[in-house]
**Q** 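Before I ask anything, let me first share the structure, which is written out below as structure tokens.
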Amino acid sequence: MVGRLPANDTTLIVMLVGISSGISLLGNIWLAGIFMMLFFPMNLWLVAILLMLIWLARQQISNRFEKNMPANESR
């Protein structure tokens, strides 16, 4: 996997920040991820998909904790 990533780490950082920003602005994880993947090399698509899956998992865990939180301890 390491050999497949480009030597230029700036591309990876820009992709991660771009997808994260797109997700937070659009609110749609898949739309933001697919749109951003169009602008980056195909060997980074796996990283983008993993980032979207991590974001979804974080959202599910966050929702589960908020759902189980008692009413008097809400934020």
Side-chain angles (χ1 to χ4, degrees):
M1 176 71 185
V2 175
R4 297 175 133 187
L5 293 177
N8 192 355
D9 290 336
T10 308
T11 306
L12 179 64
I13 293 169
V14 169
M15 185 196 68
L16 294 175
V17 171
I19 289 178
S20 299
S21 300
I23 290 170
S24 62
L25 288 174
L26 293 175
N28 188 335
I29 294 168
W30 299 113
L31 180 64
I34 291 170
F35 184 72
M36 289 301 295
M37 283 191 299
L38 295 174
F39 294 100
F40 292 97
M42 284 187 76
N43 57 353
L44 288 178
W45 283 17
L46 179 62
V47 177
I49 291 170
L50 287 174
L51 179 66
M52 290 186 290
L53 292 174
I54 290 169
W55 195 284
L56 278 172
R58 184 203 57 86
Q59 189 176 34
Q60 292 295 323
I61 291 169
S62 169
N63 288 343
R64 185 174 297 156
F65 281 127
E66 288 177 4
K67 186 176 169 182
N68 292 335
M69 188 180 296
N72 60 356
E73 293 182 20
S74 63
R75 293 183 226 180

**Q** Would V17 end up clustered with L44 when hydrophobic side chains under 4.5 Å apart are linked, directly or stepwise?
**A** no
**Q** Under 3.5 Å, which donor-acceptor pairs do the side chains of residues 47-60 form with other protein atoms, sequence neighbours left out?
**A**
none

**Q** Could you state whether F39 and I29 fall into the same hydrophobic cluster, counting links through intermediate Ile, Leu, Val, Met, Phe, Trp or Tyr residues with side-chain heavy atoms under 4.5 angstrom apart?
**A**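 The answer is yes; both residues are in one hydrophobic cluster.
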